[in-house]
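Only a predicted model underlies this, so the values are computations on that prediction, with no experimental measurement involved.
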Amino acid sequence: MRTIERSGIFIAVFLALLVFNSTGCGKEGSYQVPPVNAGAKVVQSAGQLPVCTAVINGQLYFITATNTFQYCDGNSYVAINLTGPTGTNGTNGTNGVSPTVTVEPLGTNCTNGGVKIVDAASNTTYICTGTAGTNGTNGTNGTNGTDGTNGVSVTVTAYPSGTTCPNAGLKLVSASGTSYVCNGTNGTNGTNGTSVVVTTINAGGVCGTVTGINVKLNNGVDVGSNICNGTNGTSVIITAISAGGVCGAATGINVKLGNGVDTGSNICNGTNGANGVSILWLGSAATPPVTCDAGHLDNAYYNTDDFTALICNGSSWVTLAERGPQGAQGIPGPTMPVIQSLSVFGVPAEPGGSITVAVSAQSAEGLALAYNWTKSSGWVISGGQGTSIITITAPSTYAAGGTAMVTVTDTQSRSAVGTVALSTVGNLGPVIGSISASPNPVAKSGSTTITVNAVDPNGDSLGYNWSVPAGWSVTGGAGTSQITVSAPNQYSNIGNASVTVTDGNGGSIISSIGLATVANAYPVLESIDIYPQPATAADFVCNAYDPNGDALSYAWKVGGVYPGVVTGASWYWYSQGIPGYYDVDVRVSDGYGGMVSGSSFMNVSSGSPWPKFHRDIQSTGFSPFYANPATGWLKWRYLADEGMGSSPAVGADGTIYVGSVDDYLYALNPNGTLKWRYLTGNYVHSSPAVGADGTIYVGSFDRYLYALNPNGTLKWRYLTGNSVYSPPAVGADGTIYVGSYDHYLYALNPNGTLKWRYQTGGSINSSPAVGADGTIYVGSDNDYLYALNPNGTLKWRYQTGNNVSSSPAVGADGTIYVGSEDQYLYALNPNGTLRWRYLTGDGINSSPAVGADGTIYVGSWDDYLYAIE
């Protein structure tokens with residue numbers, strides 16, 4: 001009976017075990033079923049039962065003293081006995097024969113029928129009924145035929161109950177004796193049915209906080225069927241089962257839930273058990289695996305030495321199968337020709353070659369023999385047909401196979417047949433001895449000859465299929481062992497040329513060789529000539545050549561910037577009007593990746609004596625003009641509307657440009673008279689700068705940088721984010737650099753458009769200085785001096801101890817000098833590292849000036865002017 005895990009199932013399981021008390025099992029006692037859907041509730045009780053009334057109708061009480069249930073039907077108690085009755089006899093066991101022996105009908109396994117034996121391991125053995133051997137057929141004037149082999153002959157019949165087989169069985173009769181395979185004896189009666197033991201379950205565990213009962217088998221094995229005190233559970237219906245169906249010939253009972261759902265738990269009356277198994281199969285062996293005695297009765301095994309099956313009868317092994325009787329001697333038959341040998345010569349043959357096949361045969365009666373030859377398709381008998389020796393021509397393919405067959409026939413039409421295998425040799429593919437290219441490497445756009453040396457072991461004609469790298473081309477000899485290849489117009493172009501050599505019969509071989517064009521030789525730069533110096537304009541000449549003879553192109557750079565076009569070996573350069581020292585660089589290219597650079601140094605003069613703040617592009621403040629110290633007389637003075645805080649600049653024609661806090665930029669003639677003035681929107685503290693074309697650049701507190709024509713008219717103006725105090729500087733390519741209180745350094749094109757801008761961390765009062773290599777240096781009120789590349793990217797920055805309002809100056813050796821409000825004058829190397837610093841008595845806003853002898857002059861708020869070596 002299976003356990004059903006569902007609400008209320010414990011009652012169904014428990015009551016299902018009670019059915020052994022029913023009269024249907026032939027056991028005395030009474031059993032009453034609670035009403036359907038009564039909802040019986042198990043109530044634990046150890047004492048006096050309450051009076052059974054309609055109030056407690058359906059209550060089920062368990063009496064611990066008697067191990068019984070009392071069920072209240074509304075009027076009186078009905079006792080339900082829990083002790084299971086003695087079980088009926090178990091079902092008879094089937095007649096066990098191990099292995100199982102059955103009659104095997106005529107068919108595939110046994111042509112004449114027989115016995116089928118299946119052991120416990122599902123191994124199957126057949127003992128087939130043999131037939132008498134048939135006589136050999138009469139030969140025609142031949143020798144006696146070979147005696148027929150005796151067949152195995154075993155007769156199998158049913159054997160009734162008797163002395164030999166009390167329970168009947170099979171009788172096996174062979175030529176050597178009789179054997180019996182008997183059914184086993186009756187099995188023992190089945191044991192009594194399992195009684196049910198009821199034990200008490202205390203509160204806790206499987207029953208939680210309530211108590212209940214536990215159902216066990218009478219042998220003490222807990223089946224896990226626990227009935228706990230709980231709510232009304234499902235009623236159980238018990239119905240009788242008639243003979244037939246699930247119980248076969250027996251009757252029984254069936255347990256269902258109260259709602260009529262069949263749980264499939266059927267309890268049937270068993271029948272007497274049958275005899276047990278009596279044969280033990282020992283497997284296969286050359287000798288008996290065990291000694292045949294009473295302890296090994298009915299042991300059986302298959303003897304692999306004499307191919308018989310044997311069974312132990314308690315004292316000796318009995319053969320279950322024997323050979324059939326010997327057949328009668330046949331009548332002598334005729335004698336056929338005998339092929340004594342069949343030989344082939346020249347195999348494997350070359351394609352299209354010849355093979356010789358010879359047969360040696362004789363007739364025992366001395367009769368004349370005839371020879372008929374046949375062969376496989378593709379092979380041709382080219383001579384000897386009808387004789388004992390023939391010639392066969394092979395097909396013209398490699399690795400061809402086939403056969404030659406001869407039929408030898410005597411004058412009585414008796415024949416013998418012989419066959420021999422034929423074949424041709426397999427194809428041997430071509431062999432490459434060498435592959436070479438000359439010249440290699442190859443000049444770009446040049447040519448080379450590639451040669452491959454190959455042979456074929458079979459002597460076949462060879463074909464050549466070439467492939468060359470991309471950009472290379474075969475210009476001669478295609479399909480032959482030697483080709484001409486043209487190289488691309490590139491240096492250092494490498495790749496592999498390959499050739500596939502084929503013999504036309506499926507054989508091929510591939511070989512490769514690396515090809516390369518010569519490496520590019522870089523141009524050679526011999527010298528850079530710049531003249532005159534110093535000058536406002538100069539001729540640049542680069543002397544260079546290319547070892548490969550390639551055409552050269554030149555890119556010139558002045559002051560760290562390219563002019564925007566690639567020029568020739570010479571270039572006439574015009575200054576932007578700002579004197580100073582400039583690096584002149586040239587880059588020479590051959591158009592094939594070869595490039596070389598050279599650099600020179602140029603001193604630029606100016607048509608203007610003082611075109612910007614601190615005069616030159618490096619802002620050194622050094623004057624090349626001699627001033628007579630013997631005089632000190634006033635030449636002239638000019639009165640503006642308000643004070644002038646701007647440093648003046650002088651144009652090429654001697655015009656003096658200066659700004660004023662009255663919002664004007666003034667242009668004064670060399671004699672001190674007003675030439676013109678231009679009104680901006682606020683103070684003009686910025687010192688102007690004058691370009692080579694006479695354009696005046698000046699900043700104003702109105703946030704604009706102005707570009708004015710020499711006649712004082714506006715050329716353009718550029719709006720920054722705050723006041724422009726910083727004096728502008730003009731680079732070698734005309735770029736205007738200027739700082740603003742909005743923290744940006746601006747780089748403007750000569751037409752007034754923005755080239756780039758760089759944000760510092762503070763306001764910029766400092767005037768930019770430009771190094772000979774185009775590096776822009778500018779101070780900021782965030783305590784840093786910045787070094788920017790000509791493209792506006794940061795090269796480096798150096799932190800001082802306070803604001804850097806001082807304009808830097810660049811010495812001839814590239815040293816940058818700048819003051820800070822931390823009281824120090826700094827000397828920095830071109831890579832941004834500190835060279836030295838000098839402490840003054842107060843902050844330095846003054847811009848240092850560099851003398852001809854290298855002395856640095858700077859003022860401090862401590863009221864001193866310092867001259868430092």
**Q** Treating Asn496 as the side-chain partner and Ser512 as the backbone partner, does any N or O pair qualify as donor plus acceptor under 3.5 Å?
**A** no

**Q** Look only at the side chain of Asp410 and the backbone of Leu369, and say whether a donor-acceptor pair between them is shorter than 3.5 Å.
**A** no

**Q** Table please: side-chain donor-acceptor pairs of residues 341-349 below 3.5 Å, with sequence neighbours left out.
**A**
none

**Q** I want to check something: taking the side chain as every heavy atom from C-beta on, are Val431 and Pro457 in contact at a cut-off of under 4.5 Å?
**A** yes

**Q** When you compare the side chain of Pro337 with that of Gln362, does any pair of heavy atoms fall below 4.5 Å?
**A** no

**Q** Under a 4.5 Å cut-off applied to non-hydrogen side-chain atoms, are Gln412 and Leu367 in contact?
**A** yes

**Q** Counting the benzene-type ring for Trp, do Trp281 and Tyr302 have ring centres under 6.0 Å apart?
**A** no

**Q** Taking only residues two or more places apart in sequence or in another chain, which ones pass salt bridge (charged side-chain N to carboxylate O under 4.0 Å, His left out) with Lys375?
**A** none

**Q** Does Val499 form a side-chain contact (heavy atoms from CB on, under 4.5 Å) with Ile483? I'd like the steps, not just the answer.
**A** CA-CA 10 Å; Val499 61; Ile483 61 171; over 6 Å; no

**Q** How many angstroms lie between CH2 in Trp317 and CG in Asn299, if you round to the nearest 0.5 Å?
**A** 5.5 Å

**Q** Under the 3.5 angstrom rule, does the side chain of Asp503 hit a backbone N or O of Leu462 as a donor-acceptor pair?
**A** no

**Q** Taking salt bridge (charged side-chain N to carboxylate O under 4.0 Å, His left out) as the test, write out the residues that go with Asp456, two or more places apart.
**A** none

**Q** Strictly distance-based, threshold 3.5 Å: is any side-chain N or O of Thr502 a donor or acceptor partner for the main-chain N or O of Gly504?
**A** no

**Q** Calculate, to the nearest 0.5 Å, the distance between atoms CH2 and OG1 belonging to Trp472 and Thr517 respectively.
**A** 5.5 Å

**Q** Here's a test for you: under side-chain hydrogen bond (donor to acceptor under 3.5 Å, both in side chains), which of Asn372, Thr409, Thr407 qualifies with Ser415?
**A** Thr409

